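Quick caveat, the model's predicted, so the values are computed rather than measured.
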Amino acid sequence: MQDHGRTPAPAARRSGTSGWVIGHAAGAPIILAPSWLIAAVVLTVFFAPTVRRLAPVLGDVATYTVALVFVVLLFVSVFLHELAHGLVARAHGLRVHEFAITLWGGHTSFAGTGATPRSSALIAVVGPLTNLALAALAWVAAQALPMGLVGAVLYAAAFANVFVGVFNLVPGLPLDGGRVLEAVVWRALEDRHRATVVAGWAGRVVAVAVVVWALGRPLLDGGRPSLFTVLWTVLVGGFLWNGATQAMTGSSAQRAVEGLSAARLARPAAVVPTTATLADAQRAAQAAGAGHVVVLDDHGRPVAYVDPAAAGAVPSASYPVTPVLGVCVPLPPGAVVDAAATGAVLAHEVNRVAPSSPVMALVDAGRVTGLLFTRDVVAALRPRT
């Protein structure tokens, strides 16, 4: 079962999981991914022999129908697991974006800035606890019925929910137990990124352990694993390893976003009016010790910036008679960013302006003091090697 997700920043939010919207809960869409159909078919075929042993009088159609009912009940429990994540996340001030039912079970996508170690742990643990509660209900209901097909399905649902609940409590990302481990380390070190790395490596250890156990146990017993066991183990191990890696990568990306600062990334710039010449711009830049020049209109708004390449193509003797606007790149209205902008706010502003201009003017207390280039922000977000 996939873990609940954290969106790195509002500006970088994904469009969401592809699939059919089958309803809404906690203010978010419930999405059924096409890959779920694959899981439903595989699990139905896998459970059908059990149904046939329990009720040999059933025909093929009835056998597979009962198996499908069990699979649907299993995925209802997966949805309730994810719904529990979402409801607790919303109760702690986070925005829930979607509930998705997928090939690997499901995930809940949410984001916000109010997460704490305590809230993160609570959001994580409530999902497995929901499965264990459903297991108890199914077990009690099965006890109240005579042993038969319905009782067998309830017993199977109880054991399936116990497995899902216990497995998700294993302390390694991307499992819910990994989020709990992350929260504990986060609280101890007061560093969420380092906590995610610890929990991510724990998840990788779990992935390797699952593969070693599933494939090594038959060998130790003198046999060999079936092709189905090999394929299923590789898929599960790969899912766990990839999920742990994605969690660590996402944490690094979020940390990079949180470290953004407009004032630090901007390049100093001098300012001149629209009536200035290139010589005026050169003197202003030298006086301010700046490498760039921004042109302001009569109201003090930035309307363009000097293109160094275009200015360099003008003979120096022509500087005094060359209008500065002749060597400028226009700045569209709104291509400005506050010098105090940091983190996700800055990322949002860059995303807003980038489609119309790769450069924006830096404004500090109403004064234009520099230029911020999108490429500098992108470079700051790249992982360090």
Side-chain angles (χ1 to χ4, degrees), residues 8-13 252-385:
R13 186 186 167 198
S252 296
Q254 184 166 347
R255 191 182 210 187
V257 169
E258 292 171 351
L260 293 177
S261 167
R264 179 173 55 82
L265 292 173
R267 305 182 187 188
V271 296
V272 295
T274 56
T275 55
T277 64
L278 187 52
D280 296 329
Q282 184 184 48
R283 285 191 295 270
Q286 290 173 344
H292 296 275
V293 177
V294 178
V295 179
L296 307 181
D297 65 12
D298 294 339
H299 300 285
R301 294 174 299 206
V303 293
Y305 64 94
V306 174
D307 181 358
V314 177
S316 57
S318 301
Y319 276 25
V321 295
T322 301
V324 72
L325 289 178
V327 292
C328 279
V329 177
L331 281 171
V336 296
V337 63
D338 193 287
T342 59
V345 173
L346 175 57
H348 176 79
E349 288 300 293
V350 172
N351 279 356
R352 176 183 63 82
V353 176
S356 58
S357 173
V359 181
M360 59 200 76
L362 187 77
V363 178
D364 187 1
R367 296 185 308 108
V368 175
T369 60
L371 287 175
L372 182 65
F373 291 77
T374 300
R375 63 176 180 267
D376 292 337
V377 178
V378 172
L381 292 174
R382 290 197 187 105
R384 301 294 185 261
T385 57

Check your understanding: Going through the checks in order, is the side chain to side chain contact (heavy atoms under 4.5 Å, CB included) test met by V295 and V272?
Key -> CA-CA 5 Å; V295 179; V272 295; 4.1 Å; yes

Heavy-atom closest contact ([X] atom, [Y] atom, distance):
X    : Y    : answer
A256 : A380 : CB-O, 4.2 Å
V293 : A281 : CG2-O, 3.6 Å
V271 : V368 : CG1-O, 3.7 Å
A284 : A270 : O-CB, 3.5 Å
A262 : L346 : N-CD2, 3.4 Å
G334 : V353 : O-CG2, 3.8 Å

Review point. Please walk me through it: do M360 and V350 pass side chain to side chain contact (heavy atoms under 4.5 Å, CB included)?
Key: CA-CA 8 Å; M360 59 200 76; V350 172; 4.2 Å; yes

Results of side chain to side chain donor-acceptor pair (under 3.5 Å) for [X] - residues two or more places apart only:
X    : answer
D376 : R267
D364 : none
R352 : E349
R255 : D191

Value rounded to 0.5 Å, distance of [atom1] in [X] from [atom2] in [Y]:
X    : Y    : atom1 : atom2 : answer
L265 : T342 : CG    : OG1   : 11.0 Å
L372 : L260 : CG    : CG    : 9.5 Å
T369 : L362 : OG1   : CG    : 4.0 Å

Review point. ring-ring contact (aromatic ring centres under 6.0 Å, His included): which pairs involve residues 283-329, sequence neighbours left out?
Key: H292-F373

Exercise for review: Report yes or no: does S318 contribute a side-chain atom to a donor-acceptor pair with the main-chain N or O of V314 at less than 3.5 Å?
Suggested key: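 No.
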
Review point. Is the backbone of T277 close enough, under 3.5 Å, to the side chain of D280 for a donor and an acceptor to pair up by distance?
Key: yes

Review point. Are any of the side-chain heavy atoms of P273 and L296 separated by less than 4.5 Å?
Key: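 They are not in contact (no side-chain heavy atoms under 4.5 Å apart), so the answer is no.
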
Practice item. Answer yes or no: is there a side-chain heavy-atom contact under 4.5 Å between D307 and V327? Key: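 When only atoms from C-beta onward are counted, V327 and D307 do not touch, as no gap falls below 4.5 Å.
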
**Study point:** Set of residues satisfying salt bridge (Lys or Arg N to Asp or Glu O under 4.0 Å) with respect to R264, sequence neighbours excluded
**Key:**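 In terms of salt bridge (Lys or Arg N to Asp or Glu O under 4.0 Å), with neighbours along the sequence ignored, R264 is linked to no residue.
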
